[in-house]
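Please read the structure below before turning to the comments.
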Amino acid sequence: MLECLPVLLFLIQYTSAEIFKIGYLTGSQRQLGDLEYSKPGRTISGAISLAVEEVNKGQLGRMGHKLDYIVAETYGKEVVSVQKTADLWKMNVSVYIGPQETCEHEAFMAAAFNLPMISYYCIHHATSDKSKFPTFARTRPPDTQISKSVASILLAFNWTHVILLYLKSADYEVFETVAEIILEVLKAAGITVAATRNWFVPFHVGYDDNPFYSILEETYKDTRIFVILGHHYEHFGLMLAMEEMNLFDTGKFLV
Ligand SMILES: *[C@@H]1O[C@H](CO)[C@@H](O)[C@H](O)[C@H]1NC(C)=O
Ligand SMILES: *[C@@H]1O[C@H](CO)[C@@H](O)[C@H](O)[C@H]1NC(C)=O
C-alpha cells in the first residue's frame, strides 16, 4: 500500500493541472480580394471567450483544471476549414468548437481523430448520420428539417407535381445546398419535381428586371404548384409576376 502512495500522489498532481485545449474553427475575416463574405464569426465569437471564462471560474476551475482555446480562421472556405481541422489536431486539441459554414469533411476528420466536434452553425444534413459522424454534434438544426416540412405540406394537400425555383449564387450557397436536399427529400416522398429553375443574383423588386417572367413563361404550363427558395423579397417578385400574368385569376396556382 505504502509503495503505491508516491505513484498515486504523482497522478493527483499530474491530473490536477490539466489544461484542455479547444480548437475553435471560425470564419470571421475575409481573404484578400474577397469583398462578399459576411463573416458570421465576428458576431458569434464573443461567446467563446465568455463561455471559457465561465467554465474556468466554475466547477472545472475549482477542480484545478483549465480550458484554453486556439482560434483557427477559415475565411468561410471549406478547404481552409478542413486544413485548420488538421492543424488543430496536430496542436493536440481535446475538442473542436465549430466549424461554421461547412462541416461534412471536418466532422469526418474529427471522427477519425476520435475528437468531439460541436458546430454552432453548420446545417449540412450529411453529418446527422451518426454511424459515419459519431463524434459530431451541433446546436443549430440541419437544413433537412425544413425540407421535411416542405414535403409534409405538399403531401397533405396531394400536391405531388411541383416546380422548384431557387437563387443560385456563389454568395448565397446555402440556397443551393438546401435546394439539393429538398430535391432529395421530395423525390423520396414521391413528389415529382417537374423542373427546377434559377435566378442568379438577388432580385430586388423595382431595381432590376424581374427574372420570374421568363421563368414562368417556361414553366406555368407544367404545374400549378411552385416551391420557391430565396429571399423574402424575391418571393414577392414572383408573386408580382404571377399577378401580372393573371395566373392567380383562376385560383389554380399556388406558391
Ligand atoms: C502534442 O502531443 C505530442 C505527444 O504527447 C507531443 O510530442 C507534441 O509536442 C504535442 N504538440 C503540441 C503542439 O503541443
Ligand atoms: C389525397 O389523395 C388521397 C388519395 O387519392 C385522398 O384519399 C385524400 O382525400 C386526398 N387529400 C386531399 C387533401 O385532397
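Numbering starts at 1 and runs along the sequence shown. Worth knowing before you read on, the calculation uses all heavy atoms, side chains too, and leaves out hydrogens, waters and symmetry mates.
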Main-chain N/O of Phe212 paired with Asn210 side-chain donor or acceptor, under 3.5 Å = yes

For the pair Tyr96 (side chain) and Leu115 (backbone), establish whether a donor and an acceptor sit closer than 3.5 Å, ignoring hydrogens and angles.
-> no

Whether Lys84 side chain and Glu73 backbone form a donor-acceptor pair below 3.5 Å = yes

Report the C-alpha separation of Tyr37 and Gln31 in whole Å, then their side-chain angles, then the decisive distance to 0.1 Å, and conclude whether the side chain to side chain donor-acceptor pair (under 3.5 Å) test is met.
-> CA-CA 9 Å; Tyr37 181 48; Gln31 260 175 339; over 6 Å; no

With distance as the sole test, does Asn198 use its side chain to make a donor-acceptor pair with the main-chain N or O of Tyr166 at under 3.5 Å?
-> yes

Determine, using ring centers only, whether His231 and Phe175 are less than 6.0 Å apart.
-> yes

Checking side-chain contact (heavy atoms from CB on, under 4.5 Å) against Gln100, which of Ser81, Ser119, Pro40 comes through?
-> Pro40

Could you work out the complete set of other residues in the hydrophobic cluster of Tyr233, with links drawn between I, L, V, M, F, W and Y side chains under 4.5 Å apart?
-> none

Test Trp199 against Glu234 for side-chain contact (heavy atoms from CB on, under 4.5 Å), laying out the working first.
-> CA-CA 10 Å; Trp199 67 103; Glu234 292 158 339; 3.1 Å; yes

Does any N or O in the side chain of Arg138 come within less than 3.5 Å of the main-chain N or O of His124, such that one atom is a donor and the other an acceptor?
-> yes

For Glu106 and Thr102, does a side-chain donor sit closer than 3.5 Å to a side-chain acceptor?
-> yes

So which residues get pulled into Leu60's cluster when ILVMFWY side chains under 4.5 Å apart are joined, directly or through others?
-> Phe20, Ile22, Tyr24, Ile44, Ile48, Val52, Val55, Leu67, Tyr69, Val71, Val95, Ile97, Ile118, Tyr120, Tyr121

Might you work through the side chain to side chain donor-acceptor pair (under 3.5 Å) test for Thr127 and Glu104, ending with a clear yes or no?
-> CA-CA 6 Å; Thr127 44; Glu104 188 178 355; over 6 Å; no

Side-chain contact test, heavy atoms from C-beta onward, threshold under 4.5 Å: evaluate it for Ile191 versus Leu155 and give yes or no.
-> yes

How about Val201 and Asp208: do any of their side-chain heavy atoms sit closer than 4.5 Å?
-> no

